[in-house]
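The structure under discussion appears below in the form of structure tokens.
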Amino acid sequence: MTGPLSVCVYCGSIEGLPERYLRLAADVGSQIAARGWQLVSGGGKAAMMGVLGAAARAGGARTTGVIPQALVDLEWADHDSDELLIVETMRERKALMEAHADAFIALPGGVGTCEELFEVWTAGYLRMHSKPVVLLDPDGHYAGLLEWVRGLGERGFVRPEAIERLVVATDVSAALDACAKPVDS
Ligand code: AMP
């Protein structure tokens with residue numbers, strides 16, 4: 001890899017979320033910028049996605065957004081992005097976000113965030129890419145999901161190395177450190 005690290009961040013897009021989640025998204029954007037890195041996101045201005053991109057740019061980071069045409073109005077396409085890529089389908093969106101990023105972080109989010117996380121995590125443990133995949137969960141938002149995944153492991157549906165492929169962090173700085181750390185092969 002050459003040049004600044006590009007971090008793809010997945011997060012909640014629904015308006016009216018508790019303030020702490022917006023602060024977390026802003027903190028992630030600011031700290032990506034403080035490290036001299038770049039942001040790749042879903043290219044929307046709604047909720048956490050919006051504050052994430054704005055904070056990254058305010059700190060001097062370059063931001064790339066990838067958004068399907070059908071969501072341009074729904075998620076208020078982030079026309080302030082340094083680069084805004086408008087695609088047709090959700091699959092193209094995820095593929096371009098993955099191609100543009102060196103590492104992935106999922107913040108608290110809903111089913112869309114989970115869908116994005118599971119795709120990039122499964123591709124990682126199937127060795128289709130070797131980029132870090134990080135779940136940033138400061139307040140236990142994902143505790144139930146993680147417990148369910150551990151249960152899958154106990155019942156033999158998921159190998160331990162697949163579970164370990166997902167780095168779980170509880171603070172922003174640890175999550176970003178994990179983005180810069182090569183994945184054990
Ligand atoms: P949510 O976590 O449900 O608020 O969604 C977070 C983001 O994930 C939003 O930008 C959604 O448009 C996006 N999203 C939801 N499903 C998909 C999908 N299948 N592919 C790509 N992005 C998605």
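Side-chain atoms are counted along with the backbone in the values below, which use heavy atoms only and exclude waters and symmetry mates. Atoms within each ligand, like the ligands themselves, are counted from 1 in listed order. Start at 1 with the first residue, then count along the sequence.
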Identify, by atom number and element, the atoms of ligand 1 in contact range of [X], meaning under 4.0 Å from any of its heavy atoms.
X: M49; value: 10 (O)
X: E115; value: 17 (C), 18 (C), 19 (N), 20 (N)
X: G12; value: 4 (O)

Which residue and non-hydrogen atom of the protein lie closest to [atom], and at what distance in Å?
atom: atom 3 (O) of ligand 1; value: G112 N, 2.9 Å
atom: atom 21 (C) of ligand 1; value: K94 CG, 3.4 Å
atom: atom 22 (N) of ligand 1; value: E116 OE2, 3.1 Å
atom: atom 23 (C) of ligand 1; value: M90 CE, 3.5 Å
atom: atom 11 (C) of ligand 1; value: E75 OE2, 3.2 Å
atom: atom 13 (C) of ligand 1; value: R93 NH1, 3.2 Å
atom: atom 6 (C) of ligand 1; value: C11 O, 3.2 Å

Heavy atoms, side chains only, cut-off 4.5 Å: are L5 and R35 in contact? no
Contact between E161 and Y125 at the side-chain level, heavy atoms closer than 4.5 Å - yes or no? no
I'd like to know if [X] contacts ligand 1, where contact means a heavy-atom distance under 4.0 Å to any ligand atom.
X: G44; result: no
X: P68; result: no
X: S13; result: yes
X: R91; result: no

Indicate every side-chain donor-acceptor pair of residues 145-154 with a distance under 3.5 Å to a residue at least two apart or in another chain.
none

Below 4.0 angstrom, N of the basic side chain to O of the carboxylate: do K94 and E115 qualify? yes
Got a salt bridge between E83 and R62, using NZ or NE/NH1/NH2 to carboxylate O under 4.0 Å? yes
Tell me whether L71 has any N or O atom under 3.5 angstrom from an N or O of ligand 1. no
Return the orientation label for the F104 and Y10 ring planes: parallel under 30°, perpendicular over 60°, tilted otherwise. parallel
Search all heavy atoms of L24 against all heavy atoms of P108 and return the closest pair with its distance. CD2-CD, 3.5 Å
Quick one: closest heavy-atom pair of V7 and C179, and the distance? CG1-SG, 4.1 Å
Return yes if some donor-acceptor pair links the side-chain N/O of D102 with the main-chain N/O of S6 below 3.5 Å, else return no. yes
Reported CG-to-CG distance for the pair L22 and L107, which is rounded to 0.5 angstrom: 11.0 Å
